[in-house]
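For the numbers below, each heavy atom of this structure counts, side chains included, while hydrogens, waters and symmetry mates do not.
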Amino acid sequence: MPENKRTASGALGGIVGLVGLSAVAGLLVTAAVTPAIAVSGAAASSAITIFDKMPSYLQPDELMQPTTLMAGDQVLAKFFDQNRSPVTFDQVNPVMYDAILSSEDPRYYQHGGVDLIGTTRALLSNASGGETQGGSSISQQYVKNVLVQRCERDAKAVEATDTTPAMTRDEALQKCALEAIQSDGAAGYQRKLQEMRYAVQLEKEYTKDQILLGYLNIANFGGVTYGIDAAAKRYFNVTASQLNVGQAAVLAGMVQNPNRFRIDIPEGSINDGTTAWNKAPDGSIDDVDQGTIQALYTLRDNGEITQEQLVNAADGYSETKGRQLYVLSRMEADGKITHEQYVQFAIEPITPQITSTDQGCVVSAAPYFCQYVVATILNDPAFGTETDDRVRALRQDGLTIQTTLDWRVQDAAQQAMNDNAPAMYANMDFGSTAVSLEAGTGRVLAIAQNTKFTQDQAQAEADPSYNSIVFAGDSTYGGSDGFNAGSTFKLFTLVDWVEKGHSLNENLNGRLGPVPNMTNSCTGDWINFNKKDIIQNFGNSQGYVGTPLRFTRDSLNTGYLAMASELDLCDIAKTAKKLGVTRGNGTDIDMAVANNVIGNDPVSPLAMAGAYATVANGGTHCQPKVIDKVTDSDGAERQAPVRDCTPALTADVAASVGYALQGVMASGGTGSSANPYDGTPVLGKTGTHEGWNTWMIESSTKVTTAVWVGNWRGIETLFGKYWNGQQLSDMRYSIARATQSAADEFYGGDRFPDPPSNALRTQQRDLPNVVGQSIDSARSTLENAGFRVSVGDPVDADFGNDRVAAQNPGGGSAPAGSVITLSPGNGQGGTVPDVAGQPVSSARAAMLSAGYGTVSIGSCSKDEKAPAEGQVVSTNPAGGSSANKSTNIALTIVAKDCPS
């Protein structure tokens, strides 16, 4: 068991003695250093001056530790430059301390930081050209590791310049390690002297036990395995406290050259079987390999072990076995183990139980969610203002990051994806994703994807079933530029329609025809010059005059174009932005053309899910978040990325829009195939863009699910193509239904609030008077004004049936969408001339001239002053009125003598 720290007066073997107390030691050190100094042109006597000018204090940094992403109580992924699990002094089996001290620094508790005897011997051997020796105390080795880690913490990739080549981050890490162990020439001796000076000061600040533990926690044990506990777990699947003598001796033997003696890969230690042991036919081992295991031969020759035991012990990891035997022998010499223990573990073969050190999202059970979290860490200022700071947070800072992922929803979403969407489809860049988030918080519960995750670009290019892009994200968070939203984008026109005070029951002309001109107060109006632009409806529907409620249920393009023509496209764009939606590349949507109304812009599924969640959440928009909590390696909470929930819509607007979107999911709506029909109310919207991209977004009051299926690159149609009996364009429904069903099971959902009465009101509109217009012109005028039209029976008029002779109701106002009856003329009508005051003969002539051939005296009154033939007072039908030309016109007259 290691001793406690000795007092300063007892540390007479330290570096102070090296340079001050012992003249002989000083001479030895100077003599050893002199050749190297002389080569560099310095005088031998300058050695001590160089030593004095070196920095004397080294503050050990925090240990690099893996950052762990958690999903509930399950590890989602780990990331590290150094895989380490620091332990306390009592969490290490004492045999490990005995093994490392006996083999590396047997006088550790007697010197003051530098082993004078070992260092002098090593310097003399190295300087004289003999076998290179380390001679470093545990304290010096600790110093070296601290300096290496400091260098690696600051290592970064370097771009090429005119004078220096490019360097990757991995190459920079390797450069740190090589420089730290460099022992050639003057630089090597100066490094050694600096280690010595730091080691002396270190022992003034820390106890021996603290330094020894610090060394075992920081030391490399091969590859990315650092620290004794990680090494014990990696190589033997035990903790540091559970190591036995043989295992401790293996690990202690590794520290001199960890990657040479590692036992997890054949390329490290020389392994057994094919190349390590050259067995003779009699089962012996030939002389080539005897050097590394001479101790076993000695035991055999002494009769302590058999030939069979020798062969079995040596059958594997030859070089590492040799190192283990050396450590065991030193432990026996120091009295740390008995001779019987030495023999026991000497003949026991090295039998590693390798545990995985795989890291990153590629080994995660939810790799695309994991990758989205990684993108958040590498881009969010909560993890540092500089890129290098954020990389360190991910790979070195030992953070524990609690994510928002819910395995219950994630597993259901991924299973639905696996069941319904192929990882690839021949001759197209096929992709699919499903994302679910909690409407009231923005917490992302699941991200599923059809492809297999890789970060090997060559693999992704060679095999389309692999991909590194997170389809649910955008260019910053996941590497996707988004996908054309199709009719899911109509949400923003619907919101603006309601916000502007329009009713969901207003009637509009949604018939197919030239796209109406549209206002855009930000970028300039969109004008359909020559009325040549026509946007089709899905399935070649001719459209109809109807309401936004019906347009939404049926996803009628022409209906929404009619709605947008009464709004300002700039306001629709602003609506998208306040609900958290931009293009996938981060730029704002400007709605410059009519096509933007029906989803021509590429957007991310996660952003669209957040927009629909705003409606489901009563108008409060919550920015999507994937991180709940961040703690450091000491368990202290750190600032997590800030994601806010802010009011975006009034409750009434949200309720009105939600009411319309519920119709989509009801029987007869375009999204009904995705409704789980599990008793939880849902709203939603479908979307299709040119057959290349299809969407299904649905939401309860608690959870929103967005599913996209389409081309992540390219423009191949999804229609008419099948996988497992299902058309590619229909997969969105199956995936969304299964995912939302799981969300409903675990999160439930409430009844959506009713819309205010004014959102459903029947609105009065100005009614144009179209009498005299052609039937076609009158129909167009009335439908564009928001009315429906029927044509009734012809009525009397002096023109034919291609013109409107009467309308009912007439001009003025009428309920929006009401039916206006148009009556064409029959060509048999005319206007009765107004002949009041004319003599009877003149009146008859006027009637005949107007086409009325039957004229009679209806009544007569005597008047002495009247003309003898009589004078017309009025007519029936009245003058100026319309009447069929076969109608008898009765004259009312006055005369001196009325006819008898």
Side-chain angles (χ1 to χ4, degrees), residues 482-504 506 508-510 515-528 533 535 537 547-552 554-604 607-615 619 621 646-650 652-661 664 683-689 695 697 706 759 786:
F483 310 103
N484 311 107
S487 291
T488 60
F489 203 83
K490 292 172 182 174
L491 169 69
F492 309 114
T493 298
L494 180 61
V495 168
D496 193 51
W497 177 266
V498 175
E499 284 189 325
K500 293 298 190 296
H502 290 283
S503 168
L504 295 174
E506 288 186 40
L508 300 165
N509 181 16
V515 180
N517 295 335
M518 297 184 184
T519 298
N520 190 321
S521 60
C522 293
T523 65
D525 296 344
W526 183 85
I527 306 299
N528 189 357
D533 289 325
I535 293 177
N537 292 309
T547 66
L549 269 179
R550 190 179 173 194
F551 296 158
T552 303
D554 299 340
S555 197
L556 189 71
N557 290 344
T558 49
Y560 264 82
L561 294 170
M563 293 165 64
S565 70
E566 297 197 15
L567 303 171
D568 186 334
L569 294 182
C570 181
D571 291 339
I572 298 175
K574 291 176 180 177
T575 298
K577 186 174 183 178
K578 76 178 179 180
L579 294 186
V581 176
T582 62
R583 296 187 185 93
N585 62 12
T587 60
D588 289 341
I589 292 167
D590 50 29
M591 300 289 290
V593 298
N595 270 340
N596 296 144
V597 174
I598 57 172
N600 192 51
D601 285 295
V603 296
S604 82
M608 290 299 291
Y612 277 81
T614 304
V615 176
H621 175 255
T646 55
L649 309 175
T650 67
D652 282 351
V653 169
S656 301
V657 173
Y659 181 78
L661 294 175
V664 174
L683 56 77
K685 187 71 189 72
T686 55
T688 302
H689 179 79
W695 296 69
I697 305 178

Does any part of the side chain of [Y], heavy atoms only, come nearer than 4.5 Å to the side chain of [X], both counted from C-beta?
| X | Y | value |
| --- | --- | --- |
| Leu494 | Leu661 | yes |
| Glu499 | Asp571 | no |
| Asp533 | Trp526 | yes |
| Lys577 | Ile589 | no |
| Trp497 | Glu566 | yes |

Can you check whether [Y]'s main-chain N or O pairs, donor with acceptor, with [X]'s side chain at less than 3.5 Å?
| X | Y | result |
| --- | --- | --- |
| Asn528 | Asn517 | no |
| Asn537 | Thr558 | yes |
| Asn596 | Val593 | yes |
| Ser503 | Ala759 | yes |
| Asn484 | Asp601 | no |
| Arg583 | Asp588 | yes |
| Asp568 | Cys570 | yes |
| His621 | Leu579 | yes |
| Lys490 | Thr552 | no |
| Tyr612 | Leu683 | no |

*Give the intermediate values and the outcome of side chain to side chain donor-acceptor pair (under 3.5 Å) for residues Thr523 and Asp590.*
CA-CA 7 Å; Thr523 65; Asp590 50 29; 6.0 Å; no
Rounded to the nearest 0.5 Å, how far does [atom2] of [Y] lie from [atom1] of [X]?
| X | Y | atom1 | atom2 | result |
| --- | --- | --- | --- | --- |
| Asp554 | Ser487 | CG | OG | 11.0 Å |
| Leu491 | Met608 | CG | CE | 6.5 Å |
| Phe489 | Asn595 | CZ | CG | 12.0 Å |
| Leu567 | Thr519 | CG | OG1 | 9.5 Å |
| Leu569 | Thr575 | CG | OG1 | 11.0 Å |

Of the non-hydrogen atoms in [X] and [Y], which two are nearest, and what is the gap between them?
| X | Y | answer |
| --- | --- | --- |
| Ser565 | Met518 | CA-CG, 4.1 Å |
| Trp695 | Phe483 | CZ2-O, 3.5 Å |
| Val581 | Ala611 | CG2-CB, 3.9 Å |
| Cys522 | Lys574 | SG-CE, 4.2 Å |
| Pro516 | Leu561 | CG-O, 3.9 Å |
| Thr614 | Ala648 | CG2-CB, 4.1 Å |

*Report the C-alpha separation of Leu508 and Met563 in whole Å, then their side-chain angles, then the decisive distance to 0.1 Å, and conclude whether the side-chain contact (heavy atoms from CB on, under 4.5 Å) test is met.*
CA-CA 7 Å; Leu508 300 165; Met563 293 165 64; 3.4 Å; yes
*Going through the checks in order, is the side chain to side chain donor-acceptor pair (under 3.5 Å) test met by Ser555 and Lys685?*
CA-CA 8 Å; Ser555 197; Lys685 187 71 189 72; 2.7 Å; yes
*Do we see a donor-acceptor contact under 3.5 Å between the side chains of Asn585 and Thr587?*
yes
*Is Glu506 paired with Lys500 through a side-chain N to carboxylate O contact shorter than 4.0 Å?*
no
